[in-house]
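Shown next, in structure tokens, is the structure this report addresses.
The analysis underlying the following values was restricted to heavy atoms, covering all of them including side chains, and did not include hydrogens, waters or symmetry mates.
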Amino acid sequence: AHNWRRGRCTGRPLLGHSKAVRCAQFQPDGARLFTGGKDCQVRVWDRRSSRLVGMIGPFGRASVNCLHAFSNECVLVGLAGPMRSAHLVRLNDGEDEKQSDISYESVVEYSGHVDSLFACAVDATGNGTVI
């Protein structure tokens with residue numbers, strides 16, 4: 001990653017996606033980074049160690065075009081291709097303290113879009129509005 005304050009790259013490259021990455025989003029506390037792309041998956045990275053700690057998906061043949069990590073427990077995933085929908089996903093941390101890997105559950109699907117999603121957001125005031 002490029003650190004704009006230091007004017008140089010810091011950390012290691014995050015290797016794991018098999019196709020182009022289209023979006024990236026830090027969770028609010030900064031502990032994890034979510035990346036999504038044309039390989040139809042979201043990868044979850046530990047910010048300090050650069051270690052892959054989990055994956056969300058795959059979402060069939062639908063590439064991940066946008067992400068919005070609006071809390072430390074949930075992320076909104078916007079999809080392109082045949083699904084053309086957004087999925088609200090809840091993260092479940094590992095129970096064992098030595099295991100930082102996560103699992104996930106899909107909470108709700110927002111479908112009915114006529115084209116691929118290229119932006120998604122959740123209202124920060126806490127009233128639950130999804131765009």
Side-chain angles (χ1 to χ4, degrees):
H2 188 271
N3 184 314
W4 63 271
R5 289 185 180 176
R6 294 182 182 172
R8 62 183 169 84
C9 289
T10 59
R12 312 188 299 231
L14 304 176
L15 303 175
H17 283 281
S18 60
K19 295 185 179 177
V21 173
R22 292 189 161 184
C23 51
Q25 172 86 49
F26 285 105
Q27 70 183 38
D29 68 3
R32 292 185 180 136
L33 172 68
F34 300 90
T35 57
K38 292 184 77 171
D39 61 359
C40 310
Q41 293 185 336
V42 175
R43 298 202 188 282
V44 185
W45 308 89
D46 178 79
R47 182 178 185 176
R48 291 182 191 253
S49 68
S50 301
R51 187 172 84 80
L52 179 66
V53 295
M55 294 189 300
I56 302 170
F59 294 95
R61 295 179 299 134
S63 64
V64 177
N65 272 2
C66 55
L67 296 166
H68 184 79
F70 60 95
S71 77
N72 292 332
E73 296 85 27
C74 294
V75 62
L76 184 64
V77 180
L79 303 175
M83 291 185 77
R84 297 185 305 262
S85 59
H87 293 257
L88 182 61
V89 175
R90 179 178 295 124
L91 306 174
N92 301 310
D93 284 318
E95 300 296 323
D96 185 350
E97 289 182 12
K98 295 179 183 177
Q99 177 185 345
S100 61
D101 291 355
I102 63 160
S103 62
Y104 71 94
E105 62 181 312
S106 184
V107 177
V108 65
E109 177 183 0
Y110 301 95
S111 59
H113 298 85
V114 296
D115 204 347
S116 297
L117 277 69
F118 291 97
C120 60
V122 177
D123 182 2
T125 62
N127 71 10
T129 304
V130 175
I131 301 172

Original post:
Between His68 and Val122, what is the shortest heavy-atom contact and its length?
Top reply: CD2-N, 3.4 Å
Original post:
Are Val21 and Phe26 in one and the same hydrophobic cluster, where Ile, Leu, Val, Met, Phe, Trp and Tyr link if side-chain heavy atoms are under 4.5 Å apart?
Top reply: no
**OP:** Taking all non-hydrogen atoms of both residues into account, name the closest pair between Arg22 and Ala80 and its distance.
**Re:** NH1-CB, 4.5 Å
Original post:
Going from CD on Gln25 to SG on Cys66, what distance comes out if it is rounded to the nearest 0.5 angstrom?
Top reply: 10.0 Å
Original post:
Name the one of Leu67, Val108, Val75, Leu76 that satisfies side-chain contact (heavy atoms from CB on, under 4.5 Å) with Val89?
Top reply: Val75
Subject >> Where Ser85 and His113 come nearest, the two heavy atoms and their spacing >> reply: CA-ND1, 4.0 Å
Original post:
Can you get from Leu117 to Leu79 by hopping between Ile, Leu, Val, Met, Phe, Trp and Tyr side chains that sit under 4.5 Å apart?
Top reply: no
Original post:
Any chain of hydrophobic side-chain contacts (each under 4.5 Å) joining Phe70 to Val107?
Top reply: yes
Subject >> Any Arg47 side-chain heavy atom under 4.5 Å of Leu33 side chain >> reply: no
Subject >> Closest non-hydrogen atom pair between Tyr104 and Ile56, with its separation >> reply: CE2-CA, 3.6 Å
Subject >> Nearest non-hydrogen partners of Ala24 and Thr35, listed with the distance >> reply: CB-CG2, 4.1 Å
Subject >> Residue pair Val53 / Arg32: nearest heavy atoms and the distance that separates them >> reply: CG2-NE, 4.2 Å
Original post:
Atom CZ in Arg90, atom CD in Glu73: separation rounded to 0.5 Å?
Top reply: 9.0 Å
**OP:** Check whether any side-chain N or O of Asn65 sits under 3.5 Å from a backbone N or O of Ser116 as a donor-acceptor pair, and report yes or no.
**Re:** no
Original post:
When you measure from the side chain of Asp39 to the backbone N and O of Ser18, does any donor-acceptor pair fall under 3.5 Å?
Top reply: yes
Subject >> Side-chain touch Phe34/Leu91, heavy atoms, less than 4.5 angstrom >> reply: yes
Original post:
Can you tell me how far OG of Ser63 sits from CE of Met83, rounded to the nearest 0.5 angstrom?
Top reply: 11.5 Å
